[in-house]
Amino acid sequence: MKLRVAKMKTSNTANKTELYFQNADKRKELENKENVREQSEEDTDLILDEFEENNESNDECDMEAVEDEDNVTKIYISSRTHSQLSQFIGEIKRTVFKNGTRVVTLASRQHYCINSEVKRLKNVNLINERCLELQKSKSKPTSVGEDGQVMKKSKTKSCTGCPYYNQNNIVKLKEQMLVDIMDMEDLVKCSKELKACPYYASRMALDDAEVVLISHAGIVSAGARSGVSLKLKDNILILDEAHGLTAALENAHSAPVSYKQLSSVKTFLQFYINKYRARLSSKNLLSLNQITFIVGKLLGVIKPKTQNERKQELTTIYTLEDFVIKAEIDHLNLRPLVEFCRSTRLAPKLHGFSMRYNQQMLEEDMKKTVVKNSSFEAFINKISKKKVEEVVEVKPEKKPIAQMPSETSAGSGLYAMLDFLQMLCDRSENGRVLARSGDDGNLKYLLLNPAEHFADVVTQCRSVIVAGGTMEPISEFRNLLTVNIDKYAQINVVRCDHVVPPDNVLAVCLSKGPSNLNLNFSYENRKKNELVLHKFAVAVKNKERHGALLFSVVGGKLSEGLNFSDDLGRCVMVIGMPYPNVKSPELQEKMNYMNETVGGGAGSIYYENLCMKVVNQCIGRAVRHANDYASVILVDERYSRPQTMAALPSFVQKSLISNCTFGPTIGSIAKFFSRHKDKTK
């Protein structure tokens with residue numbers, strides 16, 4: 001009898017224990033559902049929509065009328081920088097064409113956006129995405145299922161997210177643009193007064209414009225041209241400052257991505273997947289895991305393996321086929337993954353996620369997930385101890401103040417990676433991948449033949465004019481303009497004499513110094529700079545002052561694009577020949593490619609031209625108008641070589657004295673300035 005009572009007590013205790021754990025499981029399940037329901041009402045802007053392939057949608061509100069056939073022949077004028085385009089606006093205002101000519105300056109949202117909330121993002125891709133997002137129809141969840149998923153959304157008519165995206169005001173600004181010739185600064189000022197977006201006003205005015213100003217970057221990139229609906233067909237394109245055209249093409253298709261950017265993308269992708277795993281569809285989750293896998297493999301190529309590799313940079317150049325094999329991503333179809341990221345707007349969502357949650361908070365969430373998903377054995381051991389599960393009070397998360405984006409933020413990093421993957425998708429024979437390992441390492445796509453990306457521009461336009469003050473050597477422009485043309489007969493070369501009379505220019509190739517020592521500043525001779533520095537220090541202590549000297553790095557801001565007219569620049573002295581580093585892996589790959597495809601020592605010619613292009617830019621800084629005069633001193637015996645002198649501007653060649661020693665050089669300079677000083681009296 002006692003035994004039976006004992007069994008009954010044991011049985012009752014077991015039932016109560018089992019009932020307790022059942023109720024605990026139900027409570028936990030209800031809490032999980034409640035948490036999911038609460039989460040579904042939060043961060044909805046960060047959750048990816050379901051991806052549908054080949055689903056083309058119009059991201060922008062249809063505020064522009066259907067475009068009629070444009071019969072107006074347009075003249076597109078392009079230059080390296082927007083400041084140079086503003087100079088053109090100033091010049092056209094001084095002519096008779098200022099009345100009745102419809103001029104429009106196009107620029108990206110990054111330059112034209114006047115919404116402070118959007119402009120502070122700084123990264124051009126993030127600015128574009130945020131602008132489009134503000135135009136989208138706003139939606140709010142009206143029904144939530146038992147599993148916490150949003151069942152239904154109701155849309156409200158919008159296009160009112162940005163206060164400057166107002167159709168009436170934009171039309172007013174457009175009309176004023178077509179009446180008054182305005183540069184970028186004037187347009188932005190006027191747009192703030194009218195509270196109208198200058199970016200969309202300039203796009204709306206494009207159809208009625210006769211002259212369209214745009215930077216080289218907006219011309220050389222097919223994506224940039226389509227982004228502003230640029231119509232080149234049967235129109236005229238003038239490329240000013242054309243010496244920078246090849247570099248602009250190469251930069252537009254370089255797609256660099258750094259080690260730090262990839263690390264940031266990988267970290268926040270893992271956090272994103274961990275936090276929203278239950279709210280992502282299986283298809284989206286699979287694609288996210290594949291993207292994470294690719295990021296890890298790209299990091300593996302440039303991640304330093306040892307401590308020594310952290311200190312030194314190791315650079316390797318691959319063909320595209322060799323690189324995808326090296327990165328172990330050759331089995332993946334990259335194009336659908338790139339399309340997935342762009343269509344679902346993963347980059348701006350990841351950027352918003354990284355700005356909303358700091359890394360420490362996300363790491364703590366990751367640790368909780370790891371503990372929660374511990375092994376079954378640990379779970380059994382926990383149950384066997386018969387400990388009642390403690391109820392932990394969960395404190396509400398304190399969300400940090402929104403962080404400012406940086407160059408290595410997850411969003412900007414993902415954009416850079418997608419551009420790089422897009423280049424890999426093409427598998428062009430003319431492309432290479434440069435991989436530089438180390439903590440400051442990076443991956444970079446190298447475009448070896450920029451002509452193939454410029455061919456579409458040349459074939460569409462009625463005429464393409466490349467112009468500049470210092471175009472020598474012009475061989476590269478012939479190659480750039482004739483990629484799909486067999487004969488050079490369709491290329492007209494027009495050389496105009498400089499407005500400066502020959503007597504106003506003195507050019508000297510100084511080969512020997514005052515002690516009759518050969519002046520040679522080649523790389524091999526740079527170890528003798530100590531003597532030069534000592535003499536410079538002695539000269540500095542001299543109390544007598546005769547004018548001023550401005551020292552500038554060749555290829556820097558002072559050597560291109562600025563005016564040193566009249567007394568600001570009476571003498572330009574170029575010391576040495578600024579050849580690029582021939583040991584650069586990028587340059588060596590380019591030269592080898594040209595030797596193989598063009599032949600005839602094309603690589604060496606290209607190398608020589610790179611040097612002379614920057615020298616000619618330096619020379620052009622001092623002589624800026626018809627009455628100006630200046631001397632040019634080329635300090636290196638190599639300037640007296642026939643092929644080097646032939647690459648100098650024609651207005652310099654007319655008065656050039658080669659192989660000149662120090663004494664005659666000083667005498668020629670003295671006579672030159674004495675003659676012009678007498679003219680000014």
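Note: hydrogens, waters and symmetry copies are ignored here, and every other heavy atom, side chains too, is used. Note that the structure is predicted; figures quoted are calculated from it, not measured.
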Thr95 side chain vs Ile92 backbone, donor-acceptor pair below 3.5 Å: yes

Asp322 versus Thr319, side-chain donor and acceptor atoms under 3.5 Å: yes

Ser655 side chain to Val505 backbone, donor-acceptor under 3.5 Å: yes

No-hydrogen, no-angle side-chain donor-acceptor test under 3.5 Å, Tyr593 and Asn430: yes

Residues Glu586 and Arg432 bridged, charged N to O under 4.0 Å: no

Residue that, paired with Ile77, satisfies side-chain contact (heavy atoms from CB on, under 4.5 Å) out of Val103, Thr105, Leu213: Leu213

Expected output: side-chain Ser437 to main-chain Ile302 donor-acceptor under 3.5 Å: no

Asn123 versus Asn125, closest heavy-atom pair with distance: OD1-N, 2.9 Å

Heavy-atom check, side chain of Val211 versus side chain of Val104, under 4.5 Å: no

Tyr629 side chain vs Phe672 backbone, donor-acceptor pair below 3.5 Å: no

Contact summary for Ala416 and Pro256, nearest pair of heavy atoms: CB-O, 3.8 Å

Among Val652, Val623, Asn504, side-chain contact (heavy atoms from CB on, under 4.5 Å) partner for His498: Val623

Side-chain heavy atoms of Val499 within contact of His625, under 4.5 Å: no

His253 side chain vs Ser221 backbone, donor-acceptor pair below 3.5 Å: no

Between OG on residue Ser254 and CG on residue Leu447, distance to nearest 0.5 Å: 9.0 Å

Beyond-backbone contact of Val554 with Cys618, side-chain heavy atoms, under 4.5 angstrom: yes

Shortest non-hydrogen contact between Ser428 and Tyr445, atoms and distance: CB-OH, 3.9 Å

Steps toward side chain to side chain donor-acceptor pair (under 3.5 Å) verdict (Ser79, Gln84): CA-CA 7 Å; Ser79 191; Gln84 290 168 337; 2.8 Å; yes

Audit row: Leu519, Ile575, side-chain contact (heavy atoms from CB on, under 4.5 Å) steps and yes/no: CA-CA 9 Å; Leu519 298 174; Ile575 301 177; over 6 Å; no

Worked check of salt bridge (charged side-chain N to carboxylate O under 4.0 Å, His left out) between Lys613 and Glu608: CA-CA 9 Å; Lys613 281 169 64 177; Glu608 186 78 19; over 6 Å; no

Minimum heavy-atom distance between Thr665 and Thr661, given as atom pair plus value: OG1-O, 2.7 Å

Phe323-Phe420 aromatic ring centre distance below 6.0 Å: yes

Test item: Gln460 side-chain N/O and Val457 main-chain N/O as donor-acceptor pair under 3.5 Å: no

Shortest non-hydrogen contact from Ala602 toward Asn595: N-OD1, 3.4 Å

Student check: side-chain heavy atoms of Asp183 and Leu85 closer than 4.5 Å: no

Evaluation steps, side-chain contact (heavy atoms from CB on, under 4.5 Å), between Gln422 and Leu418: CA-CA 6 Å; Gln422 188 73 53; Leu418 292 177; over 6 Å; no

pair Ser640-Cys509: side-chain heavy atoms closer than 4.5 Å: yes

For Lys93 against Lys98, the heavy-atom pair lying closest together: O-CD, 3.0 Å

side-chain contact (heavy atoms from CB on, under 4.5 Å) evaluation trace for Val508 with Val635: CA-CA 8 Å; Val508 176; Val635 187; over 6 Å; no

Distance in Å, Leu299 CG paired with Leu443 CG, rounded so as to fall on 0.5 Å steps: 8.5 Å

Pairing of Arg225 and Asp456 as salt bridge, 4.0 angstrom limit: yes

Student check: side-chain heavy atoms of Val574 and Ile633 closer than 4.5 Å: no

Atom pair CD1 (Ile317) and NZ (Lys444), whose distance is rounded to the nearest 0.5 Å: 10.0 Å

Verdict with supporting geometry, Asn442 and Tyr259, side-chain contact (heavy atoms from CB on, under 4.5 Å): CA-CA 5 Å; Asn442 70 313; Tyr259 175 82; over 6 Å; no

Polar side-chain atom of Ser264 near backbone of Lys260 as donor-acceptor pair, under 3.5 Å: no

Side-chain (Thr459) to main-chain (Ala455) donor-acceptor, under 3.5 angstrom: yes

From CE (Met184) to NE2 (His82), nearest 0.5 Å: 5.0 Å

Side chain Glu637, main chain Asn518, donor-acceptor under 3.5 Å: no

Val614 side chain reached by Leu610 side chain, heavy atoms, under 4.5 Å: no

Ala647 backbone acceptor or donor facing Asn616 side chain under 3.5 Å: yes

Reported CG-to-CG distance for the pair Leu634 and Leu656, which is rounded to 0.5 angstrom: 7.0 Å

Basic-acidic side-chain contact under 4.0 Å: Asp636, Arg641: no

Atom pair OG/OH of Ser658 and Tyr639 - distance to nearest 0.5 Å: 14.5 Å

Geometric cation-pi criterion, Lys326 with Tyr318: 6.0 Å, 45°: no

4.5 Å side-chain heavy-atom contact, His243 and Glu241: yes

